[in-house]
Structure formats: structure tokens, C-alpha cells
Amino acid sequence: MSSIPALLSSRFQAVTGIDPELRPATKAAFGHYQCNVALRLANEQGRKPRDVAAEIIEAVDVSDIAEPLEIAGPGFINIRVKMDVLATAVTDQLADPHNGIEQEESPDKVIVDYSAPNVAKPMHVGNLRSTIIGDCLVRVLRAGGNEVIPQNHIGDWGTQFGMLVEQILFEGIDATTLTLDTSVELYKRAQVHFREDEAFAEAARLRVVALQSGDPQTRTIWQALIDVSKAGFNRAYARLGVLLTDEDLAGESMYNPMLASVAEDLEQRGIAVVDQGALCVFVPGDETPLIVRKSDGGFGYAATDLAAIRYRLNDLKATRLIYVVGSPQAHHFAQVFAVAKMAGWLPDTVKAEHVGFGSVLGSDGKMFKTRDGKAVTLDTLLDAAEEVAAPDVAMAAVKYADLSNALHKDYVFDLNRMVATTGDTGPYLQYAHARVSQILRRAEADGDIVVDTTATISILAELAEQTLALLLTRFPDTVAEVVASLQPHKLCLYLFELATQLSTFYEQCPVLKSEGEVRASRLVLCRATQKTLAVGLGLLGITAPERM
RNA sequence: GCGCCCAUGGCUCAAUGGAUAGAGCAUCUGACUACGGAUCAGAAGGUUGGGGGUUCAAGUCCCUCUGGGCGCGCCA
């Protein structure tokens with residue numbers, strides 16, 4: 001099924017030949033949708049905008065969908081959707097298993113790289129943003145009919161493991177008895193030891209070589225460290241209610257065997273050159289090189305990311321790559337993508353996107369840190385939220401606060417504001433859902449059958465009903481916009497508008513006190529709103545409780 | 001020094017180059033034997049950091065200045 005705005009848009013495009021710039025009306029007085037393209041065309045043709053608009057109105061055939069079109073202001077075309085069309089669209093949307101969301105005709109195979117916590121380190125606010133945003137994007141992309149492969153690029157490789165394993169051996173610890181907390185403490189001791197004891201530092205460096213060459217004892221301890229951390233990650237994911245599982249784990253270590261060939265390939269083809277002992281790729285227009293292989297022969301994360309791109313395209317057959325990693329990495333990904341393109345590993349047909357995001361700030365406007373200057377751990381933060389709200393509500397509060405801001409901006413973590421049940425918050429949306437659920441529950445108790453597939457919206461007499469119905473029909477396009485733009489806050493904004501309009505409707509149009517056709521119609525409208533809120537919240541990774 | 005990002009009512013944020021820049025919080029005024037008031041209706045609050053430019057149209061695009069954040073060859 002095609003949404004009303006999509007339908008209108010294609011009808012106008014048939015006449016104008018270009019994108020008709022169909023937009024939701026900026027004010028109720030202007031109708032439901034507006035077409036702005038007459039102004040552009042008029043300017044290009046050197047004619048009067050209102051004349052062009054009149055011509056478009058004459059040629060376009062939307063009489064089955066809309067009331068007679070109107071020209072307003074300098075040359076806008078205002079469109080008012082017919083009430084019976086609106087009523088049918090909402091009824092159809094309710095019956096549709098995808099709630100009207102258009103399914104991609106040629107679905108992408110999308111890799112979403114997100115979360116990426118480090119082994120033997122506690123998860124922090126940065127991981128939180130990546131995890132929440134990535135989870136939302138996975139859900140939204142799937143809802144649009146795409147195949148999504150989550151990839152959790154955990155930090156399970158690198159020089160720090162030489163240090164960790166060496167410290168375990170030094171202390172004589174049985175690695176299988178470690179917990180997430182004790183491994184974090186171990187990490188701190190190892191760091192100090194590494195800094196202060198040159199002999200230990202040297203042993204740690206040799207231990208990295210042992211790890212890379214597959215020394216059994218080293219590998220066993222390393223594996224134990226990973227298992228402990230994995231269990232910790234999974235607890236955090238369960239608590240957050242995100243979709244990640246062990247199946248999605250694709251850590252840095254996985255790419256280790258591929259790194260040498262990445263370097264070799266780039267070097268042989270003259271894309272990478274040795275400079276100051278390191279194998280570098282100089283991307284045109286970029287002063288600093290991407291270092292593929294360090295001067296000591298080791299590989300950094302640039303090599304890993306390049307290997308991952310090759311793997312994701314060749315083995316996983318991805319057609320779209322999405323990296324949910326903080327904004328400070330923007331330059332790194334720009335370089336990696338550029339090098340992958342130079343090497344021919346990333347064809348123009350495959351979109352590679354870095355979804356960067358801003359930092360979480362404390363109430364002082366500075367980076368969110370504890371009093372003693374340490375990074376705030378995920379658990380500390382979630383514990384604090386659960387102190388002021390029930391777990392479901394607390395998670396909704398934290399997630400919605402994170403997703404409702406434009407991604408690239410920093411935001412202030414203000415617990416009191418985010419758990420509030422009034423205003424633009426997760427709990428407010430949950431409350432709206434619970435309240436409409438209550439109406440439906442009571443109606444069912446009264447003997448109304450509101451899930452019957454033959455139930456339809458037949459009356460939209462009140463403005464509050466019409467506005468609510470109109471808003472419901474905008475859901476599919478809102479989701480499509482997030483699929484394209486990867487900006488979850490657009491969905492948040494939509495859902496807040498929907499919840500607000502539900503409250504207005506609820507106030508002005510009694511449902512249970514009404515009778516006959518009006519009651520039946522309003523109950524379907526309630527059901528459609530309940531479903532859209534639930535589906536929408538679901539796409540954000542937020543639960544939609546029927547009671548609170 | 002080079003590069004990227006940000007600046008919108010008191011506060012937190014929206015706004016696909018389009019009509020009179022919208023919300024929420026806080027403030028003030030109303031509506032409670034209520035389909036859950038965890039709410040709703042309304043008011044007040046703006047030279048979109050400054051200055052230039054492009055455009056029929058600029059918060060949005062370009063230049064510049066100011067103020068802040070981040071990144072700039074071998075940590076990831």
C-alpha cells in the first residue's frame with residue numbers, strides 16, 4: 001500500500017516532472033499538505049508563481065483523494081485530504097501487518113556496526129549511545145524490509161591483552177575465576193605495572209607476540225577474559241532491551257588473520273607506501289596518512305577496519321554499511337572509506353555511512369564524568385535512572401532522551417527531565433499508550449469488539465479526530481525518512497506529536513460515553529493510535545506498556 | 001597552523017531553501033465526583049551569536065568575525 005502523501009506526490013510529479021516538494025502543511029489553516037514547486041518552476045520559467053500553480057491545479061488529478069486544491073500566498077498549493085480517504089487509510093493501516101510502512105522493493109543488505117565495547121573495560125556512556133542508536137537503526141531498517149546484519153566490533157585484540165595476560169600470570173590468577181569487576185581492577189593494576197616496571201613492560205610486549213602467534217596458554221587466558229566480558233555485555237544488553245546477541249559478535253580479533261593481506265594488497269598495487277617506516281596511504285586532499293601498518297610491523301585499527309570492509313562486502317555481501325561510532329572518529333572513517341574506494345573494495349553502489357554522534361555532557365555542560373574525573377559507567381547511570389523510575393520506564397527515559405536529540409549534537413544528561421511524565425519524554429509516550437489501552441480494555445469489558453477486522457472508521461466529524469487520523473497516516477513516511485536519513489529523532493518528534501494529539505482527542509471526544517457508529521469509529525481510531533504508538537516505540541527500542 | 005562540528009525565548013530542544021521560526025520545562029490564568037489530572041485549554045516569552053553576500057524566498061546555502069567542543073602518522 002502507498003501512503004497518502006506518497007500518492008499525492010506521485011500524482012503531482014506526473015504533472016510537474018520534478019520533485020513536487022510535497023510537505024505537511026506548516027499550519028492547520030493551510031490544509032493537510034502543501035506543494036511548493038510552483039515557486040521554483042515559475043522562477044525557472046520567468047513566469048508568475050500563481051499562474052504556474054493554477055496550471056498545475058488544472059492538470060493534476062487528485063479529485064479522488066483531495067478536496068479542490070487552493071492556491072495561497074505567493075504560489076503555494078494547499079491540499080486537503082478527503083475525510084473518507086483519511087478514514088479508509090487509517091483503517092487499512094491498522095489492518096496492515098507493517099502498519100503501513102512501505103517495504104523496500106529492492107532491499108538492502110545492511111551492516112550496522114555498533115556498540116563495540118572493550119574487553120576488560122566497563123561499558124561507559126559512549127557505548128550507551130552507540131548501542132541505543134544502533135539498536136534503533138537496526139529495528140527501523142528491518143521495518144522497512146531490509147536485511148540487517150548487526151556487527152558488534154568489540155575491542156578484543158591489541159597490545160593491552162599482552163599486558164593483561166602477563167599480569168594474570170604474574171599474579172598467578174586462575175583466569176576462569178575472573179568476573180567483569182575483577183578483570184577491570186586487573187586492567188588498572190596491569191596499567192600501573194606496565195608503566196612502572198620496564199621488565200614487565202617488555203614481557204607484556206612479548207606476550208602480544210605470543211598471543212598473535214597462537215601460543216596455547218596465552219590464548220586460553222585471553223579467551224577467558226573475553227568470556228567474562230561477553231557475559232557482562234550480555235547483561236547490559238538484556239537490561240537495555242537491545243537486540244544484540246553473541247551471534248552478532250565480530251570483534252577485532254576476527255580480522256587479525258586478514259590484516260597482512262590487506263597491507264600486502266595495498267602495497268603491491270602502489271596505493272600504500274612506506275613512509276617513516278610505516279605503511280601509509282595518502283588520501284588526496286588529506287595531509288595526514290592512514291597508517292595501515294605501524295613501523296614496528298604491528299597493525300592498528302585502520303587495518304582492521306579495512307579488513308572488515310572487505311569481509312563485509314565479499315563474504316557478507318553487504319550493500320550498505322553503517323558505522324555508529326562517536327563523532328570524533330569522523331576523520332578516521334572518512335579516510336578508511338576513501339582508502340577502501342581507492343582499493344576498489346568499496347564500489348560506488350555501496351553506501352558507507354558513518355553515523356557519528358555527540359558526547360553526553362554532565363549538568364555542568366562538560367564531558368559527563370564522575371566527581372573524581374572518571375568515565376561514568378553504564379551500570380552507574382542505569383542504576384541512577386532506576387532509582388527514580390521502574391525499570392521499563394527508566395529505560396524508556398534514558399533511550400528517548402538519547403534518541404530525541406539530533407545525533408551530531410552533544411546533549412546534557414539530566415535524569416530529572418528525562419524521567420518526567422510530562423513533556424517530550426519516553427515516559428510521557430508510554431503513558432499515552434497505557435491510557436489509550438485502558439479505553440480499549442474497558443470497551444472490551446463492555447462487550448465491544450474492537451479488534452474485529454471488519455471494524456472501520458466511518459466518521460471523522462470532529463477536528464480532533466481528523467487531526468489524529470491525519471497524523472496516523474504520516475507514520476509510514478516518517479519511518480521511511482529515518483531509513484533514508486538515519487536520524488531517529490525524527491521518529492521521536494513524530495511520536496510526541498501523535499501522543500499529544502491523542503491527548504487532545506481524548507479530552508475533546510469522549511469514546512466510551514459515545515454511542516453507535518461514533519463509538520465504533522472512535523474505538524478503531526483508538527486502536528490504530530495504540531498500534532502506531534506501540535510500533536513506533538518498538539522501533540526506538542522502547543516498550544509500550546498497557547498499564548503503568 | 002590545518003580540518004570537522006556547534007551557537008535558536010530564562011532552561012532543554014525542533015524546523016526537507018518556503019507562508020506569521022515551532023514544542024517541552026519553568027512562570028502566569030483557567031478546567032477536577034476524572035473514558036487514569038501521570039491531563040487538558042490558554043497567556044506571556046525571539047532582531048535565530050555579530051557582520052556581509054547568494055536567492056522570488058535564508059535559522060537553513062556562501063564568506064567573514066566572535067565564542068565553545070572535537071580531531072590532526074604509528075592507542076583503539
Side-chain angles (χ1 to χ4, degrees), chain A residues 19 21-27 29-30 34 36-37 39-40 42-44 46 48-49 72-76 78 116 118 153 155 157-160 252 275-280 282 285-302 304-305 325-332 334 356 358-359 361 365-367 393 401 404-406 408-412 414 416-418 420-425 427-428 430-432 434-443 446 481 485 489-490 492-493 496-497 500 503-504 506-514 519 522 526 547-548:
Chain A
D19 175 11
E21 298 182 37
L22 198 85
R23 309 274 185 266
T26 51
K27 283 188 189 328
F30 300 153
Q34 62 184 56
N36 303 336
V37 82
L39 292 107
R40 177 180 307 284
N43 189 47
E44 285 168 6
K48 288 182 185 164
F76 300 104
N78 289 342
N118 289 311
H153 196 85
W157 200 250
T159 50
Q160 72 271 26
E252 293 168 353
D275 189 272
Q276 297 177 28
L279 186 65
C280 302
F282 288 89
D286 199 332
E287 278 184 31
T288 56
L290 185 74
I291 295 182
V292 178
R293 192 182 58 222
K294 298 185 285 179
S295 53
D296 68 0
F299 294 102
Y301 77 147
T304 310
D305 279 334
V325 184
S327 294
Q329 301 294 327
H331 184 230
H332 165 72
S359 307
L361 307 177
K366 308 238 165 146
M367 293 289 282
V393 178
S404 60
N405 289 310
H408 61 281
K409 291 195 184 178
D410 297 345
Y411 78 93
V412 176
D414 183 339
N416 290 330
R417 185 167 47 240
M418 56 182 77
T421 51
T422 59
D424 188 8
T425 70
Y428 174 79
Q430 289 185 312
Y431 174 67
R435 218 165 45 153
V436 75
S437 297
Q438 170 80 336
I439 293 178
L440 291 161
R441 199 159 45 232
R442 290 186 56 166
D446 289 350
E481 199 185 342
S485 69
H489 80 279
K490 304 218 180 242
C492 293
L493 183 68
F496 177 63
E497 273 181 51
T500 304
S503 287
T504 302
Y506 173 94
E507 198 73 19
Q508 294 175 7
C509 304
V511 178
L512 297 178
K513 283 177 187 161
S514 60
R519 179 183 168 104
R522 284 181 180 169
C526 283
R547 297 173 199 269
M548 287 177 77

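Naming convention: chains lettered A, B, ... in sequence-line order (proteins, then strands); numbering from 1 in each chain.
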Would you measure the distance from the [atom1] atom in [N] across to the matching atom in [M] and give it in whole Å?
N: B:rA15; M: B:rA21; atom1: C1'; result: 8 Å
N: B:rG49; M: B:rC56; atom1: P; result: 25 Å
N: B:rG9; M: B:rG45; atom1: C1'; result: 6 Å
N: B:rG68; M: B:rU29; atom1: C1'; result: 39 Å
N: B:rC25; M: B:rC65; atom1: C1'; result: 34 Å
N: B:rG71; M: B:rC75; atom1: C1'; result: 15 Å
N: B:rC70; M: B:rU55; atom1: P; result: 39 Å
N: B:rA7; M: B:rG50; atom1: C1'; result: 12 Å

What integer distance in Å separates [X]:[atom1] from [N]:[atom2]?
X: A:Glu44; N: B:rU55; atom1: CD; atom2: C1'; result: 13 Å
X: A:Met418; N: B:rC11; atom1: CE; atom2: C1'; result: 15 Å
X: A:Tyr428; N: B:rU39; atom1: OH; atom2: P; result: 7 Å
X: A:Asp410; N: B:rA7; atom1: CG; atom2: P; result: 11 Å
X: A:His332; N: B:rG3; atom1: NE2; atom2: C1'; result: 17 Å
X: A:Glu507; N: B:rG30; atom1: CD; atom2: P; result: 18 Å
X: A:Glu287; N: B:rC4; atom1: CD; atom2: P; result: 12 Å
X: A:Gln508; N: B:rA31; atom1: CD; atom2: C1'; result: 13 Å

(message) Tell me if a side-chain donor or acceptor on A:Asn405 pairs with a main-chain N or O of A:Ala401 at a distance below 3.5 Å.
(response) yes
(request) Mark yes or no for whether A:Asp410, through its side chain, and A:Ser359, through its backbone, hold a donor-acceptor pair below 3.5 Å. (result) yes
(request) Output all residues satisfying ring pair (Phe, Tyr, Trp, His ring centres under 6.0 Å) with A:Phe496, sequence neighbours left out; order by chain, then residue number. (result) A:Tyr428
(message) My understanding is that only residues two or more places apart in sequence, or in another chain, count here; which of them pass ring pair (Phe, Tyr, Trp, His ring centres under 6.0 Å) with A:Tyr506?
(response) none
Which atom pair, heavy atoms only, marks the closest approach of [X] to [Y]?
X: A:Thr425; Y: A:Ala420; result: OG1-O, 2.6 Å
X: A:Arg522; Y: A:Cys509; result: CZ-CB, 3.5 Å
X: A:Pro49; Y: A:Gly75; result: CB-CA, 4.3 Å

(message) Using OP1 and OP2 only, check whether a side-chain N or O of A:Arg442 sits under 4.0 Å from B:rG36.
(response) yes
(message) B:rG37, OP1 or OP2 - any side-chain N/O from A:Tyr506 closer than 4.0 Å?
(response) yes
(message) Between A:Arg441 and A:Gln438, is there a side-chain donor-acceptor contact under 3.5 Å, judged purely by atom types and distance?
(response)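 Their side chains do contain a donor-acceptor pair, which is all the 3.5 Å distance test asks for.
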(message) By the 4.0 Å heavy-atom rule, please label A:Cys509 as base, sugar-phosphate, or nothing.
(response) base
(request) Would you give a per-nucleotide map of nucleotides 70-76 of chain B, 5' to 3', where B means the base has a protein non-hydrogen atom under 4.0 Å away, S means only the sugar-phosphate does, and - means neither? (result) SSSBB-B
(message) How would you summarise protein contacts on nucleotides 14-27 of chain B per nucleotide, using B for base, S for sugar-phosphate only and - for none, with heavy-atom distances below 4.0 Å?
(response) SSB-BBS-SSSS--
(message) Can you tell whether the side chains of A:Arg519 and A:Asp446 come within less than 4.0 Å, N to carboxylate O?
(response) yes
(message) Does A:Glu287, at its CD atom, have more than 12 non-hydrogen atoms belonging to other residues, nucleotides or ligands within less than 6.0 Å?
(response) no
(message) For the CD1 atom of A:Ile439 and the SG atom of A:Cys526, what is their distance to the nearest 0.5 Å?
(response)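 One gets 4.5 Å once the value is rounded to the nearest 0.5 Å.
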(message) Rounded at 0.5 Å granularity, tell me how far CD in A:Glu252 sits from OG1 in A:Thr304.
(response) 5.5 Å
(request) Any chance you could encode RNA chain B as dot-bracket? Rule is Watson-Crick or G-U wobble with both distances under 3.5 Å; [ ] for pairs crossing earlier ones, | for another strand. (result) (((((((..((((....[...)))).(((((.......))))).....(((((..]....))))))))))))....
(message) Taking salt bridge (Lys or Arg N to Asp or Glu O under 4.0 Å) as the definition, give me every residue that meets it alongside A:Arg417, ordered by chain and number, with sequence neighbours left out.
(response)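 Counting only residues at least two positions away or on another chain, A:Arg417 forms a salt bridge (Lys or Arg N to Asp or Glu O under 4.0 Å) with A:Asp414.
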